[in-house]
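Scroll down for the structure; my scribbles are underneath it.
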Amino acid sequence: MRRKIDYLKIIIHLLLVRRRTTLSGMLLWLSVVGLHGQSSADNTAQASADTTDIYKSESLQEVTITRRKAGTTRATGVFNGTTINKDELFRAACCNLGESFTTNPSVDVSYSDATTGAKQIKLLGLSGTYVQMLTENIPNFRGAAIPYALGYVPGPWMKSIQVSKGSASVRNGYESITGQIDIEYLKPDDDEGVTLNLYGNTKSRLEANADGNIHLDDKLSTELLMHYENDFGHHDDNDDGFLDTPNVRQYNLQNRWKFKGDSYIFHGGLSLLKETRESGQVEGHHSAPHTQGSPLYKIGIETDRYEGYMKHAFILNKEHGTNVALMASASMHETAGEFGDKAYYANEKNAYAQLMFETNFTEQHNLSAGLSLNHDYIGQRRNGVRSTEKETVPGIYAQYTYTLGTQLTAMAGLRVDNSNIYGTFVTPRVHLKYTPHEVVSFRLSAGKGYRTVHALAENNYLLASGRDLVVADNLKQEEAWNYGASAQFNIPLFGNTLKLNAEYYYTHFINQTVVDYEVTDYQIHIHDLDGKSYSHTFQIDATYPLFEGMTLTAAYRLNDVKSTFGGELREKPLTNRYKGLITASYKTPLGLWQFDATLQLNGGGRLPMVLLPDGGPVEWDEHFPAYPQLSAQITRWFRHFSVYVGGENLTGYTQKNPILQADMPWSSGFEPTLVWGPVHGAMFYAGIRVNLGKRM
């Protein structure tokens, strides 16, 4: 017994002295101290004598003990939401932000039209314009950036994505109606090193990404993020004479800095983006005779975007969490597009600043208060006609949070803003979380949101339609109430935990800007709501680890979204009535292989009524059908790199006619903006991630 205790002491001593010990090194020690039948004293002496020899002759490598983290974690605070981290992003190619929600049951991403490649997200059954987009808690991607913003954030740059539903904190402004999506980039003070990511797919898309950081000293670090993308193919798989997806060439660069002192923290950075997207008719296609005497219908969009931000945090009292922070950002977004014979140009400038004070009076009482200022300028030119939109909004807010241990959290916030266009408006928001037991928690929320509409800039992709785009003058500010209730359960089941979530949200619009396809057959109207508009959304989802390394998630969401069109309350067109999702992820015990698959069933919905230019019959049914989508990926992990192959839309389902009257692009019946399903079939891809110095 004494001999076993001595062996254990020596092993513990080795672990304390050499934290980086290999399994082979451990076995060598066991052979030194345990295989000769010596006395305890002899063993100790021998071990001491051999220690130096082992250190000289054996180059000990580190042992890394790992466990698989959950790719998506449910929020533990007062807000209902989830955090999508790197592990979840690695489950798919995630070339950009728009492709990062493949496995997420709450967020839908779809094409806005079949020619420009514009994409939109939907949350709680409503357009992504009602979701406030943030980059590290700073509002971003507004106005003219909205149609293509999901492609402006490369996937490898993201550290995590926070998705919160319903009315959010008043600290970030008044614009959140259905929720917030906050993007966290890789940090300058993360593990030092370089990461490379190369990607290619069967649709002739190539990407190269690189990020690297340097710790200049123990307080100051910097980081460089680089991205190059090129879609060079001319794919027309449905043989309608138009490219299925646009050819996009993008250069994206960002430099970030961080200084972390004892009482002062600084973040800052600059970024620039240049993008060209080209689409339209394919030369030499058999539909060309229909356009004889007319040029080919082409779309070309050039975008230049510049951003800068800074954050200053002054820590006044660590014990009470008292601090003052100043955040500021500025951006310039310039885009010039040609949609057939229609020309559009926008020069948008945005400036934002917030001064914030926060303190904990006690462990139960927290106060946050601040001032904010937002300025938007958009100069536009449409077919030679100029227009200018300017808005300056100063605001003030206060938010109080009461916390009673782990059982109760109550938050109440109020902000008052003044627009030079719409005057003064008030934004109240309330959140409550109650956890009577560790197995279950309940959340309630209610709040108001407002949004200033830049109708032409936000919907410039509609210019691709053969119909005229008519934007009403003096559009009202959008205004809506959002109410939410959710229950989260952590149920012990067969030695693991079943995570179950059920939620319901109701959004009621007081004022809304409506994109109306049904006012006339020859025009698309953007006008103020005249009647009712609302959204009911119910969702239930469950996650369970079936066995070691295998996690299964299942979800179902039901949408009831209606608005008033032509004096009649009708189902909102191009909106799925429901969504079902099943995801499975398996990682082998040694973490060398990972297998991921996601199956979606997207429910059908209503189509707007569209007639032929001559007043003939409807070109398609009143409703579109439900359709499945399957994606899968296999990843092989190595010490400093990983290789992945996968496929998207493996069911091959596509919308039969994503472009109406594709053979008559110069007519008023040409319509590529009524997209409800996939516009291209199965796609396969492969890529490699390389980490030099950083941890995988």
Side-chain angles (χ1 to χ4, degrees), residues 77-79 132-140 159-160 162 164 167-176 180 182-185 187-190 216-223 255-270 307-331 350-375 392-403 409-418 424 426-431 447:
V78 70
F79 301 113
Q132 187 178 29
M133 298 295 295
L134 308 169
T135 52
E136 299 184 330
N137 277 315
I138 297 178
N140 205 346
K159 188 178 182 119
S160 65
Q162 285 80 44
S164 63
S167 58
S169 169
V170 295
R171 288 191 301 185
N172 294 321
Y174 51 84
E175 294 183 313
S176 171
Q180 288 182 338
D182 185 22
I183 304 155
E184 290 286 332
Y185 290 109
K187 308 299 183 185
D189 58 342
D190 285 341
L216 301 175
D217 56 36
D218 59 345
K219 295 182 179 180
L220 181 63
S221 54
T222 185
E223 176 182 45
N255 180 222
R256 297 159 55 79
W257 292 79
K258 182 175 181 180
F259 175 86
K260 186 174 182 180
D262 294 333
S263 59
Y264 171 70
I265 300 175
F266 167 80
H267 289 258
L270 297 170
E307 294 182 46
Y309 80 95
M310 63 178 180
K311 298 180 182 180
H312 305 269
F314 303 90
I315 303 171
L316 306 180
N317 188 317
K318 292 183 179 181
E319 182 179 353
H320 288 278
T322 304
N323 61 79
V324 174
L326 173 64
M327 300 191 299
S329 67
S331 65
N350 171 261
Y352 172 83
Q354 180 185 173
L355 179 64
M356 180 181 70
F357 170 79
E358 185 168 4
T359 187
N360 298 312
F361 296 114
T362 67
E363 292 183 359
Q364 289 79 33
H365 305 280
N366 172 273
L367 175 66
S368 176
L371 305 170
S372 66
L373 177 67
N374 186 77
H375 174 75
T392 302
V393 185
I396 184 172
Y397 72 87
Q399 182 171 275
Y400 167 74
T401 305
Y402 174 74
T403 305
T409 303
M411 175 186 291
L414 183 72
R415 66 176 298 129
V416 179
D417 295 271
N418 180 267
T424 301
V426 180
T427 308
R429 292 175 183 174
V430 178
H431 297 266

Item to check | Verdict with supporting geometry, Val170 and Leu414, side-chain contact (heavy atoms from CB on, under 4.5 Å) | outcome: CA-CA 7 Å; Val170 295; Leu414 183 72; over 6 Å; no
Checklist outcome for this item: Which of His320, Glu358, Gln399 passes side-chain hydrogen bond (donor to acceptor under 3.5 Å, both in side chains) with Asn366? Answer is Glu358
Item to check | Asn350/Asn140 under side chain to side chain donor-acceptor pair (under 3.5 Å): CA gap, chis, key distance, verdict | outcome: CA-CA 9 Å; Asn350 171 261; Asn140 205 346; over 6 Å; no
Item to check | Ser167 vs His431, side-chain contact (heavy atoms from CB on, under 4.5 Å): CA-CA, chis, key distance, verdict | outcome: CA-CA 9 Å; Ser167 58; His431 297 266; 3.8 Å; yes
Next on the checklist: Quiz question: by atom type and distance under 3.5 Å, do the side chains of Ser372 and Arg415 form a donor-acceptor pair?
Outcome noted: yes
Item to check | Distance-only side-chain donor-acceptor flag, His267 / Tyr309, under 3.5 Å | outcome: no
Min side-chain heavy-atom separation [X]-[Y] under 4.5 Å:
X: Ser329; Y: Glu307; value: no
X: Asn323; Y: Leu316; value: no
X: Arg429; Y: Ser169; value: no
X: Leu134; Y: Asn172; value: yes
X: Tyr397; Y: Gln354; value: yes
X: Ile315; Y: Asp262; value: no

Next on the checklist: side chain to side chain donor-acceptor pair (under 3.5 Å) for Ser160 and Gln162? Distances and angles first, verdict last.
Outcome noted: CA-CA 7 Å; Ser160 65; Gln162 285 80 44; 2.8 Å; yes
Checklist entry - Hey, does the side chain of Asn255 reach the backbone of Leu270 with a donor-acceptor pair shorter than 3.5 angstrom? => result no
Checklist entry - Checking side-chain contact (heavy atoms from CB on, under 4.5 Å) for the pair Tyr402/His365: CA distance, chi angles, key distance, verdict? => result CA-CA 5 Å; Tyr402 174 74; His365 305 280; 3.6 Å; yes
Checklist outcome for this item: Value for CG (Asn360) from CG (Asn317), rounded to nearest 0.5 Å, stands at 9.5 Å
Checklist entry - So how far is it from Asp182 CG to Ile138 CD1, rounded to the nearest 0.5 Å? => result 9.5 Å
Checklist entry - Hey, what's the ring geometry for Phe259 with Tyr264, parallel, tilted or perpendicular (30° and 60° as the breaks)? => result tilted
Checklist outcome for this item: The single option from Val416, Val426, Thr427 that satisfies side-chain contact (heavy atoms from CB on, under 4.5 Å) with Tyr174 is Thr427
Checklist entry - Among Lys187, Lys159, Lys258, which residue meets the salt bridge (charged side-chain N to carboxylate O under 4.0 Å, His left out) test with Glu136? => result Lys187
